[in-house]
Amino acid sequence: MMPPEEESPDGSGEGDRDSDLVFLQALKCGSTRKGCDPFAQTQRSKLQHRRARINQQINKEMRMRAGAENLFRATSNHKVKETVALELSYVNSNLQLLKEELEELNSSVDVYQNDSESISVPMIPLGLKETKELDLLVPLKDLISEHYGEEGILFEKEIKEFMELRQAMRTPSRNEAGLELLMEYYNQLYFLDSRFFPPTKSLGVFFHWYDSLTGVPSHQRALAFEKGSVLFNIGALHTQIGARQDRASLPGLNQAIDAFQKAAGAFNYLKENFSNAPSLDMSAASLNMLVRLMVAQVQECVFEKISLLRAQHDFLARLQLAQEAARVEDVYSLVHQTMTQAHVKDYVPFSWTTMVHVKSEHFKALSHYFAAIALCDCPAASDAELPEQEKAFIQFHVTMPEGPSLSILLQDPEERRKLGKAHLKKAIMKHEEAMRIHGLCKILRKMDILQEVLSFAHKRSLSKYSEIDHEEDFFETGDAPDIHPKTHQKPEIKSPNFSQVKVTDLFHRLGPLSVFSAKNKWYPARRVHLMRGENGFGFTLRGDSPVLIAGVIPGGCAAEAGLKEGDYIISVNGKDCKWSKHAEVVQLLKSTGEEGVEISVITLQGSEGSKTADKKAAAMSSGSGMLKSNKENSRKSLMNSKSASTLLVWSKKSKRSKKSTYSVPFTAVGDNEAMY
């Protein structure tokens, strides 16, 4: 059974039913731009409110510290220096307390777990990055007037719709609808970048985000920082969805595996496609740690899945379980090693590092326990079973155990008991080590479910050891070799599928992005009155959305009126033609009478005349079929996977990747040139 979407203050799960109802109503209206109610008093929302409050306090203290440090450097008065030094000491103490409070908040993993009565080892989720409100109304209106030559006030509706979408994505619900909301906003940022962020000019707005792990605020003008922060929250939301699954059932395990794999994909995509992050949580080292943590949690779910599916009494199945547990221990050891690196350990919560270390020891103990169970509880191999068991056992240990040959070991119950006892001895030692490490962390000691899991596994191993231990055993129990890690389901890092959520450019009224974008400049629109001559208007048209004047006949009506090769037709007799197809513009021209026709045209700067026409001709001849499928010039279907996965860096000065799809194909050419 799926746990409730949000937890209520009393843990009854009633806290977010109203927001679910709002979401269902929004779906019926064709809109998914609804976040959770920011005032809903659920456990998770209270946690996020505390995070926001701590972030604001950290911001205030850091500004005070910066001011005090500047004064300390600037003054030469000894008394003033002493006073400022005392103030700095006070501020630094406050910052340390706030950091510890935020660390405790990041350690509240139990809030994100499921409400099932079954006992499962807790998973580590991430809290969402917080951001400040952003008012884009004036900057976008000004740029629309300045760059596009349109009345900015006419686009207030679109600007407010975008701002409402941004406000909603600050509080996404913890389900697929919340992920779609974040993805929709992320995809809209592609259009915002193309429309309003010229390569040589800043929009003049700052994007403010707080570090998820340290609470330290960062702000940048680069839209890449906004995109990266949203992508981080997509990964963080996947971790919360994965943590809340009921892993006692197969559907819950599959959903948890999928969620953690997608979280790993989001963090990995962020690491590979964004650089020079201004906040620690999005640094390469931090993202590398998060990817490894998510992969380890996937591997843990795979172990639980194998435990659920395999018959427990089968010898080979128990060997497989032991190897799966060894694999989980292997990946958690790698995560622990990553978390304790010098440039990472200072900002990763101590409870995370401790829990990862505990899990590493716990699963090492489980690998030895299941090896012992396979040897002691399963009957000795028969002659028919021996070849298959020998093949499995020869690859089971890292080094072969000392003693008799493999065939004797598998067929002699006493030899099996001796090796099983050695494995149990090692399992008990590792269980006790896991419990010792667990006791070192104050926050983990409060986590009853983890304590219960460790205690149960320890008692189970002790009980089994007592069962197989004989009073007449005079031999010294040997040291069991470690189990070779092996998995039957390798974790997959699933990159975000940006094309899954289709969005429409909110500012499509400005015209097709192939022409009307921030990177292009054009001369002011010209109005031209044309009269039809004996040979027509005297120009050649080609392409769609917008239609291009591909050629002008010397001495013709068009040439005399001032039309040039490379002009784009944006209106005919006052009718907007930016998005019009070739045939629609031709029909408008043909329907004119003796009074003639008035058309408005623009000319791109730097692409006048034959250069543009030649590029279009080359594009059409090399692959008109591909150009016909170009979605950039369509109103309704606007995001393919490449357009949203453009390589970006934090610094505006950095060059874009050669794979960047921001260089949109010229236009969708579907018609041959025709003279009119």
Sub-4.5 Å side-chain heavy-atom contact between L128 and P172
yes
Can you tell me how far apart CD (Q167) and CD (E164) are? Round to the nearest 0.5 Å.
9.5 Å
For T340 and T353, run side-chain contact (heavy atoms from CB on, under 4.5 Å): C-alpha distance rounded to whole Å, both residues' side-chain angles, the deciding distance at 0.1 Å, then the answer.
CA-CA 7 Å; T340 51; T353 309; 3.8 Å; yes
Heavy-atom closest pair, residues L213 and D211
N-OD1, 2.7 Å
Side-chain contact test, heavy atoms from C-beta onward, threshold under 4.5 Å: evaluate it for Y269 versus I234 and give yes or no.
no
Looking at D505 and R195, does any basic side-chain N land under 4.0 Å from a carboxylate oxygen?
yes
Ring of F155, cation from K141 - is the NZ or CZ under 6.0 Å from the centre and inside 45° of the axis?
no
Contact check, side chains of E87 and M64, non-hydrogen atoms, under 4.5 Å:
yes
Donor-acceptor pair, distance only, cut-off 3.5 Å: does the side chain of H208 make one with the backbone of E130?
no
Using a 4.5 Å cut-off on heavy atoms from C-beta on, say whether the side chain of S218 contacts that of F225.
yes
Give a yes or no answer on whether the side chain of S286 reaches the backbone of M282 with a donor-acceptor pair at less than 3.5 Å.
no
Parallel, tilted or perpendicular: which describes the rings of F507 and F196, with under 30° parallel and over 60° perpendicular?
perpendicular
Apply the test ring-ring contact (aromatic ring centres under 6.0 Å, His included) to residues Y148 and F516: give CA-CA distance (whole Å), side-chain angles for both, the deciding distance (0.1 Å), then the verdict.
CA-CA 8 Å; Y148 291 92; F516 301 96; 7.3 Å; no
Are the side chain of K129 and the backbone N or O of Y210 linked by a donor-acceptor pair below 3.5 Å?
yes
Any side-chain heavy atom of L506 sitting closer than 4.5 Å to one from L192?
no
Locate the shortest heavy-atom distance separating G235 from A266; write the atom from each residue and the value.
CA-CB, 3.7 Å
Do you know which two heavy atoms are closest between P198 and L143, and how far apart they sit?
CD-CD1, 4.4 Å
Indicate whether the side chain of W209 and that of Q220 have a donor and an acceptor atom separated by less than 3.5 Å.
no
Do E492 side-chain atoms and K262 backbone N/O form a donor-acceptor pair below 3.5 Å?
no
L510 and F191, any side-chain heavy atoms less than 4.5 Å apart
no
Check whether any side-chain heavy atom of Y185 sits under 4.5 Å from a side-chain heavy atom of E226, and report yes or no.
yes
For the residue pair N77 / T75, report whether a side-chain donor-acceptor contact shorter than 3.5 Å exists.
no
Of all the heavy-atom pairs spanning A224 and F274, show the shortest one and how long it is.
O-CE2, 3.5 Å
Is a side-chain donor or acceptor of D281 paired with a backbone partner of S212 at a separation under 3.5 angstrom?
yes
Of all heavy-atom pairs linking V295 and A264, the shortest is CG2-CB, 4.4 Å
Within the distance-only criterion (no hydrogens, no angle test), does the side chain of D193 pair as donor or acceptor with the backbone N or O of L189 below 3.5 angstrom?
no
For a side-chain contact (heavy atoms from CB on, under 4.5 Å) check, start with the C-alpha distance between M339 and R292, then their side-chain angles and the critical distance, and finish with the verdict.
CA-CA 10 Å; M339 284 183 171; R292 288 179 175 179; over 6 Å; no
Salt-bridge test for E150 and K578: reply yes if a basic N is under 4.0 Å from a carboxylate O, no otherwise.
yes
Could you grab the distance from atom CZ of F197 to atom OG of S517, nearest 0.5 Å is fine?
14.0 Å
Charged N to carboxylate O below 4.0 Å: is that the case for K201 and E146?
yes
Closer than 3.5 angstrom, by distance alone: can the side chain of T239 be matched with the main-chain N or O of P125 as a donor-acceptor pair?
no
Between K157 and L154, is there a donor-acceptor pair closer than 3.5 Å when you use the side chain of the first and the backbone of the second?
no
Do the non-hydrogen side-chain atoms of L280 and D346 ever get within less than 4.5 Å of each other?
no
Among L179, L181, N187, the one residue meeting side-chain contact (heavy atoms from CB on, under 4.5 Å) with V501
N187
Keeping the roles fixed (side chain from Q297, backbone from I124), state whether a donor-acceptor pair exists under 3.5 Å.
yes
Rounded to the nearest 0.5 Å, what separates atom NZ in K160 from atom CD in E158?
11.5 Å
In this structure, OG1 of T131 is separated from NE2 of H219 (nearest 0.5 Å) by 12.5 Å
Distance col, row F260:CZ vs I241:CD1, nearest 0.5 angstrom, shows 10.5 Å
Ion pair present between D258 and K494, side-chain N to carboxylate O less than 4.0 angstrom?
yes
Closest approach of Y568 to P546 (non-hydrogen atoms, all atoms of both residues)
CD2-CG, 3.3 Å
Any donor-acceptor pair under 3.5 Å linking the side chain of D567 with the backbone of K564?
yes
